[in-house]
Every structure is written in C-alpha cells, then in structure tokens.
Amino acid sequence: MQMRGSLPSSPNAAPYGNTGKIMSDKKFDTTEVIFEYCRELFEDIDFTAAREWKDKKAERKVVGYMPVYVPREIIHAGGMMALGVLGGGENMEVIHGDAYYQSYICRIPRSTIELSITGRLDFVDAMLFPSICDVIRNLSGMWKLMKPETYVRYFDVPQNYRDDLGGVYYVNELKELRSGLEEMGGVRITDEALRRSIAVYNENRQLVNAVYDFRARTPWKAPSPEVYLLMRAGMVLPVEEHSELMRAYLAAAEAQERPMRDNCRIVLQGSFCEQPPLNLVKSIEMAGCYIVDDDFMLVTRWLLDDVPLAGDPLENLSAAFLHHSVETAAKYEPVAAEKGKFLINMVRSRAAEGVIFAAPSFCDPALLDRPMLANAIDKENIPNIAFKYAENSGQMQPIREQAGAFADSIKLWSGI
Amino acid sequence: MKKTAPREAIKELSMLKQKEMIASNYEKLTSAPQTGARVVSTYVPGNLNELIMCFDMLNNLPEINAIQNGMRKKSGGMILEAEKRGHSEDVCTYVKSDIGYMAKGAIAPNGKPLPSPDLLLLSYTGCFTFMKWFELLRDEYGCETVMLQVPYEGDGKVSKNMRDYVVKQLKQEVIPALERVSGVKFDIDRLRENLARSAKAEDDFVWIMQSAKNTPSPIDAYFGGVYYIGPIFTAFRGTEDAIDYYKLLRGEIEQRIALGKGPITPEGDLGEEKYRLVVEGPPNWTSFRDFWKMFYDEGAVVVASTYTKVGGVYDYDGFRHDPSRPLESLAEYCLGCYTNRNLPERVKMIETYMDEYNADGFLTNSIKSCNSFSAGQLLMMREIEKRTGKPAAFVESDLVDPRYFSASNIKNRLESYFQMIDQKRRAGGSTRAA
Ligand code: SF4
Ligand code: SF4
C-alpha cells in the first residue's frame, strides 16, 4: 500500500492500557467475584468496557468481528481493540432486526442489526465478517449499505490447505486486511508489532487452553457457566485484561473446594456461531452433564499451537491456519476419512462419554455437518443427542429433560 | 385475461431442440456404465463445462436433478426421506432432495438409474452450502473429489489475488484430477475451441435476454428465462448444440418482436402486457406452473430476473468466455456468478435492470432454503424502492419443498401488489408499460 511508508508506527507498540478494573479497583480473588464481573460484561449490550478503553485516547480504534475466526493479532498490532460481536443475546429485544430477516434465518444477524440500529455499535470503527456461512457473508454487504462510513471487510479464508495455493492466497488476504486497517486507523502495522501481538495472543490461547484443561480434569471445580462467561469476557475486553482474568480465575478455582457431582462427561458441538443463552449451559450441567469440551467462541482456540515468533508473521499466521487449526463446519475437510476425527479425538482426549450436538436453529453449517459427524461418532459407539436453540431460547425444560435422559442412559450403560 | 392464441401448449422448435438435448444427455449419462464414459458431478454456478469436455467426461448436476424432481412433484418424498435419515428440516432442500433421490436409486427422467460419478468436482461458487453438500455426496459415493474454491467478491470486485488463486487451483488441482480420472491429457487448444463456442452462444443468449427491453417484451425473463438458461448453465456450454439452440431461439424471438407479440405461456401467447417486473430469487419448482399462472393471468411479465444470472452473468458487465485467456476467463466466469457478488453489487445490478428494462416494479421471491440468495433480501428490496421509487413486493416459498408453497398467500400478495402498481400509476409514480 502506498501510504505505508508515511504512516507513523502504531502509537503504543504494546498497545493496550486496560479498562482499569482487573488490575486496580477490584480484587479478583474468588470465582464468585470473577463470575459476577463476567456476567456484568455478558449482560452489557452497550459494550461499556470497550467504550471505556476507546475513550482513553483519541486515536484508539475498535474493530468488531463476528464468528468464527479472524486473526486478531493484526488488529492488536495496529493498537486497536478486537471486539467480538456475537449478536444481542438473550436479553435484547429485537424490534427492528426482524424487518431485515425472514423468519427462517437464524437470530444472530437480526440481533446484530438491532445492535447497530440502536446505536450500540456506533463507537466501532471497523467490522470484519468472517467466511463462515452465507448469512454472515451477506451481512457484510448489508453493513456496507447501511454503514458506508465504517471499514467493512468480508474476511475470506482458504479452503485449500496447500501452502503454495491456499497459503499464498491467504497471505495476500492478510496483507490486504493489514493495509485496510492501517488506512482506517492511520497507523502502520509493522512486522515487529505483529510479532509482539502474536506473542500476546499465544499467551491468551495458552490460558484459554489451561482453563479448558482444568475444567476437563476437574469439571466440578470449573462449572461450565463460569467457563462460558469467562470466555465471553474475552470477546469484549482487551486481550491482556482477559488473560489476567483467566489467570485469576484459575488460581481462585483451584483453591476453592466444591462438591463433585455424579455427572457424566460430554462434549458440546455445533455452537460455534450464534451463542446459546447462559441458561442452556446451566441446564445441561444441572441435568447431569459436565461439559468437558465445546466449540463456543472458537476464535479463542482456532489455532491449535503457538504461532512462531521468528520469521514472517503473516506467513506464520497462515501456516498456523492451514496446518494447525480446529476442524469445524466452516472448513472443508479434504480427506473423507478424516471427517469427524477431530471430534472423536476430542472425546477421547477429554475422556468424554458422549456428545451433545447443540446447533442454532436454521444454522446451515452446523446442521449440514451434524449428520456426518454423528455418523463418524456412531461408528465409534459414542452416544450422542441433538437439539437446537436460539440465543434467546427461554424454555429450558425440554432441553433439561433431554440432557437428563441422556445422562441417565450414559450412566446406565457405563455401569454394565 | 384475453389471449390471442388457443389455450394449448405451443411447442416451438427451440423447445423441441432443448428437449432433445436434455434427453440425449440423460441417455449418455445413464448409459455410461455400458459406454465406459466417465462422469463428473459438479454444480451449476461456476461449472467448468468447457474444461470437463476436454476430458471427454459427462457432466451430472445435482441441482438439475433436484429441479427435475421438483417439477415432477417427486421432491417432497425425497426430502422426507432425507429428514428421516437425520437431516434437519432447517437446511437447503436441494441437498435433502438430492440425498433422498440417491436413497431412492437416482432414477433419471428416462427411467434408468444415473451412474455414480467418477469424480466430484466441487466448484465452491456463491454458496457455502455447496461445500457441505459435497462432503455429504463424497460420503455417499466414496469417489475421487477435487475442490475449486472461488473466493467471494466481498468488496464487489475481482482482485488479482482472487483470480490468481482460482487459476492456480485449476492448474494444480482440478486439471490433474480430471486427467487422472479420465486418462485423457489436457489440451489447452481444445479448451480454447470450446470457449470460442461458448462465447458465440453467449452472444445470442444475451441478445435474447435483452430482447425484454422491447415493449411488449417478447419473452418472460423468469418463467421463460429458466428454460432459456438451460443449455448455457448446464452440460451444453461450449457445444455446437448450444450455438444452434440459441440461434434458433433468437430467430423465434425476432419473429415475435416483428409481430409485436408478448411471451409464450403454458396457455398460449400472453395478451396485453400490463405489468413489467424485475424479479429477484429462484422460482418455486414444485408449483412452477401455478406460480407462473398467477403472473400471466394478470398480464404481468418478468423483464429481467436475477435467477437467470446464477450460473453466469453475461449481460451486466459484458463478460464472455475468452479463448485467448482460457483459464483466466474460466476463473472470471466463476467469480462473477450472481450470488458470488456482494449485496451492494446485487442492488446496483437490479437497479440497472429496473431502469434499462423500464420496469414497473420489483418482486422478490424469497426462498426458505437458500441463505445465499435470501439473507439480506429485505434490505435489498428497500434499497431498490428507495433508489427507483417503484413499488416492491416480497413473497416467500421454497425451491423443491412443497410444504412451503402457499398458493393462496402468494396469490393474495401478488394481487394486492398489482393493485399497488396501478395506484402508483394513477398517482403518476410510474408510467404504464406499453
Ligand atoms: S448461526 Fe449459523 S447460519 Fe446463522 S450466521 Fe451463524 S453460522 Fe451462519
Ligand atoms: S443454499 Fe441456495 S445456492 Fe446453495 S445449494 Fe441451496 S439453493 Fe443452491
């Protein structure tokens, strides 16, 4: 890009201040306090934490992104905050959004439009719409029509995983994204800044994995509603602050004694985009199922290993995407025999006893993938059930009953 | 409504020609096990027919089978079969109809079973569901699979990176797979010849679609249009047959123009042209005739439709397959298909059609199955209304699932819509066509 040479480097190479909460006024030393804080963030559809971060310096920019994956490292390296926009959730009343979508389309785009129309995203300077499905893809165009002043990018990713094909394409896409953000933010995103940001996100991912590992080892000590909201906090907080929060949570949860229940262990699959209401997560656990792994907010765990710091940072992000990332419905599986292996390995490595497929209603990727995954795990004799939800589902009784019956059947069979 | 011709189906020569072409293609496909011909399954948008022909392979298109089954009212049972096998009621019914079709033995319209494909060629153009559909098909057939990812025009244009990526995949993935499966070596000159024939047919095809600029329009660019796109969107692009078909059709339309005739309907020539519409979205196939009748009974003619651009856009920005840039032009063809263009571009295209075809209104037939088309259509409709000042309407149905076609709802909606156009005319908002 022409402007690159003339732009100042990102004003703060380790770009984040924090919102002031974690490291100062509150003592995050118990799971209750952390959970309460996460719940506040979760319920705050005005994104106050991100607004406060932005308000601290005039040049700060906030870049919104939708599920399922964007390389947040590039945003961070520009001194900007990556803000996960996951719809309006269970408490948002959708008034305008329904005028934009037919009844047979999932809820996340309509509540996201509602967030925008009600001005709640007005402080957001750019929006990224990842390649996940045609609904989010088309939402990128709607955003262009409705918010011409915002930098909007449909973020495409390769479905061909050869370095010389998909890799070359992807590195060029990453370069375009970098140039676009540079122009929007009036900053230069250097390789050095990128490496620092990659390190910041490597650390964040390690902590996310540590929380997931901790829960899988001792699920009674890390109830899923807590882990869920802890990860949701990562969508709306500066990454450094989220890392701090996870550290604090791990220490507090480790120290706290909690009763172990006679629950079965399940993996939850299919909830990678529109997020379930908190009550759904609670209900599953209350019905007798410990969630020992899931695919909520995959962006936090998309890359499976640390991204190397040495070498070209965009090439490294690309290689990580191509060769070390999760298998999920938004990605093509080139080898037929591999379909479902990722899920099977997850079940095995987490010592899970079953899979609950929980997909948003009308979610094509999750619902089209489900029969193939179910086939694969059936062959391995892994019990599974399926249900659908919406981010604002209120009626939990049927889900509780289904999950309860599932837990009972697993216990019954494992006892034989 | 008054009609000038007898109320019986008129078969023009072009229709008979197309019927023969389709029948002979099904014959070739179903006799492949005997003739040893190799079969490739691929999708309509972004299909690489000219390239496939270089390897003497036959082209089987799952959507076309779904449409055939929809029109013959067989798709409902097939969809139920797929749902019984664990497929969600929420997902695209083309996919389910196809899965149910396979489960029921995949019998072609000639009564013989279609062979399993030797190669699945996934052109991933304009729709995410295709990718999943393909994984499902692969599960079923277990044959060799090759994918061509076609990036989406998120910024409303084709970048060099996008084009290069498609060309490289063609060279390094698709062509080697076709060579392997067919045993035929790739000959770029053969491809050039096929592309030259495509371009010839495309010229006539564009002339035909643009004939709807006449008043009265000699064609219906939606209900008639779905027949006109048949050869160019499917197994015939790049053949002499396609050239002949479009030449023949063009001749017939020239005659209609000379005689001041409107489109042919299933009940004969349309009488007075009362409403000129631009339509967005695919049609419903299970009640195709009933749906069409709701239009021609009211004297409504579709002068341009976006569905007829789903397998390639030839009119709007003048794209032609180009023998001098064979792989690049195949890439550009794939990239430019209608649903691979972003929403602002789709809106611009419709706005242009509204203007150039002197339309009275804009109608969306929103398809439950198809997020690729449908997500965002309500906003598109409002944009078109705002930009053109012409009235717009919205009806909902499905492609091949008869459960989602409510004739009375759609009819009521259309009737009040036509009244709305009349009112607008009386108020001076829209001049009457003709
Ligand atoms: S919930 Fe599913 S269909 Fe809806 S936007 Fe997300 S991925 Fe797309
Ligand atoms: S979603 Fe639409 S474009 Fe995609 S396969 Fe179904 S009908 Fe075709």
Side-chain angles (χ1 to χ4, degrees), chain A residues 99-106 109 113 129 131-146 152-156 158-160 162 164-166 168-169 172-173 175-176 329-334 336 339 359 361-372 374-375 386 388, chain B residues 85-88 90-92 95 122 124 126-129 131-136 138-139 142 145 147-149 151-156 159-162 164-165 168-169 172-173 339 341-347 366 368-380 382-383 394 396 404:
Chain A
Y100 288 82
Y101 284 103
Q102 302 89 321
S103 55
Y104 51 78
I105 289 178
C106 54
I113 287 271
F129 296 87
S131 161
I132 175 172
C133 74
D134 299 327
V135 174
I136 293 215
R137 185 197 73 178
N138 287 6
L139 185 55
S140 71
M142 294 171 72
W143 221 268
K144 277 181 190 276
L145 286 167
M146 296 170 76
V152 174
R153 186 167 177 83
Y154 170 71
F155 180 69
D156 212 349
Q159 301 288 358
N160 173 301
R162 279 172 57 170
D164 60 339
L165 282 176
V168 170
Y169 167 69
N172 284 327
E173 288 297 299
K175 284 183 185 160
E176 275 188 35
K331 282 173 65 185
Y332 178 63
E333 172 50 68
K339 189 80 198 176
S361 292
F362 305 110
C363 177
D364 266 11
L367 293 169
L368 286 162
D369 226 35
R370 190 184 69 197
M372 289 184 275
N375 261 344
K388 293 187 291 184
Chain B
R85 289 167 177 240
H87 292 271
S88 166
D90 288 357
V91 302
C92 172
V95 180
L122 167 58
Y124 175 26
C127 162
F128 188 88
T129 296
M131 194 171 92
K132 296 285 114 185
W133 188 353
F134 228 67
E135 287 184 348
L136 286 160
R138 185 180 60 187
D139 251 15
T145 309
M147 185 182 65
L148 174 71
Q149 183 191 359
Y152 180 64
E153 289 189 24
D155 284 332
S159 69
K160 180 175 179 306
N161 190 36
M162 290 157 75
D164 289 352
Y165 180 37
K168 271 169 71 180
Q169 289 178 84
Q172 294 179 38
E173 299 270 14
T339 48
R341 297 179 184 230
N342 74 359
L343 256 55
E345 279 304 304
R346 282 169 60 181
V347 168
S366 182
K368 175 187 177 281
S369 273
C370 187
N371 287 343
S372 175
F373 258 104
S374 304
Q377 278 176 330
L378 284 157
L379 177 66
M380 286 170 69
R382 284 198 286 277
E383 278 292 316
F394 206 83
E396 294 185 18
Y404 296 99

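Chain identifiers are assigned alphabetically (A, B, ...) following the order of the sequence lines, protein sequences preceding nucleic acid strands; residue numbering begins at 1 within each chain.
Between chain B and the options A/R162, A/R153, A/E176, the largest number of non-hydrogen pairs under 4.5 Å is found for A/R162. Highest contact tally toward chain B, considering only A/K339, A/Q102, A/R370, is held by A/Q102 [criterion: heavy-atom pairs under 4.5 Å]. When the candidates A/A359, A/S361, A/A329 are compared by the number of heavy-atom contacts under 4.5 Å with chain B, A/A329 comes out ahead. Put simply, of B/Q172, B/Q377, B/E153, the one with the most heavy-atom pairs under 4.5 Å next to chain A is B/Q172. Most heavy-atom pairs under 4.5 Å with chain B: of the set A/I136, A/D164, A/V152, this distinction falls to A/D164.
Between the CG atom of B/L343 and the CZ atom of A/R137 there is a distance of 8.5 Å, given to the nearest 0.5 Å. Interatomic distance, CG of A/L165 versus CD of B/E173, reported as 5.5 Å (0.5 Å rounding). Note that OG of B/S88 is 4.0 Å distant from NZ of A/K388, once rounded to the nearest 0.5 Å. Taking CD of A/E173 as the start and CE of B/M162 as the end, the distance is 7.5 Å to the nearest 0.5 Å. Taking OH of A/Y100 as the reference point, atom CZ of B/R382 lies at 5.0 Å (rounded to 0.5 Å). A distance of 9.5 Å separates SG in A/C363 from CG in B/D90, rounded to the nearest 0.5 Å.
Between B/S374 and A/Y101, the side chains place no donor N or O within less than 3.5 Å of an acceptor N or O (distance only, hydrogens not considered). A donor-acceptor contact under 3.5 angstrom links the side chains of A/N172 and B/N161, judged on distance only.
Both the backbone and the side chain of A/A330 have a heavy atom closer than 4.5 Å to some heavy atom of chain B. Looking at A/N160, both its backbone and its side chain come within 4.5 Å of chain B, counting heavy atoms on both sides. If you measure heavy-atom distances from A/K175 to chain B, you find no contacts under 4.5 Å at all. With a threshold of 4.5 angstrom between heavy atoms, A/N375 approaches chain B through side-chain atoms but not through N, CA, C or O. Heavy-atom distances place the side chain of B/Q149, and not its backbone, under 4.5 Å from chain A.
Of all non-hydrogen atoms in A/I105 and B/A375, the two that sit nearest each other are CD1-CA, 3.7 Å. For the pair A/K144 and B/P344, the tightest heavy-atom approach, listed with the atom from each and the gap, is CB-CG, 3.9 Å. For A/L368 against B/T129, the heavy-atom pair with the smallest separation is CD1-CG2, 3.6 Å. Heavy atoms only, all atoms of each residue included: B/G86 and A/P371 are closest at O-CG, 3.9 Å.
Residues A/Y332 and B/L122 are in side-chain contact: their nearest non-hydrogen atoms beyond the backbone lie under 4.5 Å apart. A 4.5 Å side-chain heavy-atom check between A/N138 and B/R346 finds at least one atom pair inside the cut-off. Looking only at side-chain heavy atoms (C-beta outward), A/Y104 and B/E396 come within less than 4.5 Å of each other. Residues A/P365 and B/F128 meet the side-chain proximity criterion, which asks for heavy atoms closer than 4.5 Å. Put simply, the side chain of B/N371 does not reach to within 4.5 Å of the side chain of A/C133, judged on heavy atoms.
For B/R138 (side chain) and A/P334 (main-chain N/O), a donor-acceptor pair under 3.5 Å exists by modelled atom type. A distance-only check finds a donor-acceptor pair linking the side chain of B/E135 to the backbone of A/E333 [under 3.5 Å].
Ring geometry for A/Y169 versus B/Y165: interplanar angle under 30°, hence parallel rather than tilted (30 to 60°).
A salt bridge is defined here as a Lys NZ or Arg NE, NH1 or NH2 lying under 4.0 Å from an Asp or Glu carboxylate O, and B/K132 with A/D369 meets this definition.
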